[in-house]
Amino acid sequence: TGSPEKPLSDLGKMAYRSYWTHVLMNVLAAPNASSLSIETISTKTGIKVEDIISTLQSLDMIKSWKGQHVVHVKQSVLKAYLKQDKKFRLCDSKYLKWEPPATAQKAKES
């Protein structure tokens, strides 16, 4: 689970919030979404719990009910978002090669 370095610039916040919204809307559209906890969504997406909560708040999807905060997803909002059919350019992990610096250094020394 990760998060960008904070504080974010206004442009950075807008870019990350757009990405987080896209990911969350697609997760919430899944058939089993009603049984997911925020922690489970965080584990599944790699987005920090705090970033999920702030994004859901910006989408007006956090409500207070019987003294508890709950995620309230309006199906009409979800359908309207998905109807836009937004495409994101994401990295294909097969093209990424990364090693922790310590491992890379040991390989060079061998």
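Side-chain atoms are counted along with the backbone in the values below, which use heavy atoms only and exclude waters and symmetry mates.
Partners of I53 by side-chain contact (heavy atoms from CB on, under 4.5 Å), not counting sequence neighbours, listed by chain and number: I38, V49, Q57. Qualifying salt bridge (Lys or Arg N to Asp or Glu O under 4.0 Å) partners for D10, counting only residues two or more places apart in sequence or in other chains: none. In this view, K13 satisfies the side chain to side chain donor-acceptor pair (under 3.5 Å) rule with no residue, not counting sequence neighbours.
Members clustered with L11: M14, by chain and number, using a 4.5 Å side-chain heavy-atom cutoff among hydrophobic residues. In this structure, V70 belongs to a hydrophobic cluster whose other members, linked by side-chain heavy atoms under 4.5 Å apart, are W65.
Between L56 and L28, some side-chain heavy-atom pair lies under the 4.5 Å cut-off.
In this structure, CZ on R17 lies 9.0 Å from CG on L8, to the nearest 0.5 angstrom. Note: K48 NZ to T55 OG1 = 13.0 Å, rounded to the nearest 0.5 Å. Considering OG of S42 and CD of E50, their distance stands at 8.0 Å, rounded to 0.5 Å. Here the straight-line distance linking atom CD1 of I52 with atom OG1 of T45 works out to 4.5 Å at 0.5 Å rounding. In this structure, M25 CE and Q84 CD are separated by 8.5 Å, a value rounded to the nearest 0.5 Å.
Heavy-atom neighbours of K79 NZ from other residues, nucleotides or ligands within 6.0 Å: at or below the threshold of 12. The environment of K6 atom NZ is dense: over 12 non-hydrogen atoms of other residues, nucleotides or ligands sit within 6.0 angstrom.
In this structure, A29 and L82 approach most closely via the heavy-atom pair CB-CD1, 3.3 Å.
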Step-by-step side chain to side chain contact (heavy atoms under 4.5 Å, CB included) determination, D51 to Y16: CA-CA 9 Å; D51 296 327; Y16 272 100; over 6 Å; no

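For residues 20-40, the set of pairs meeting the side chain to side chain donor-acceptor pair (under 3.5 Å) definition, not counting sequence neighbours, comprises H22-Y81, S37-T40.
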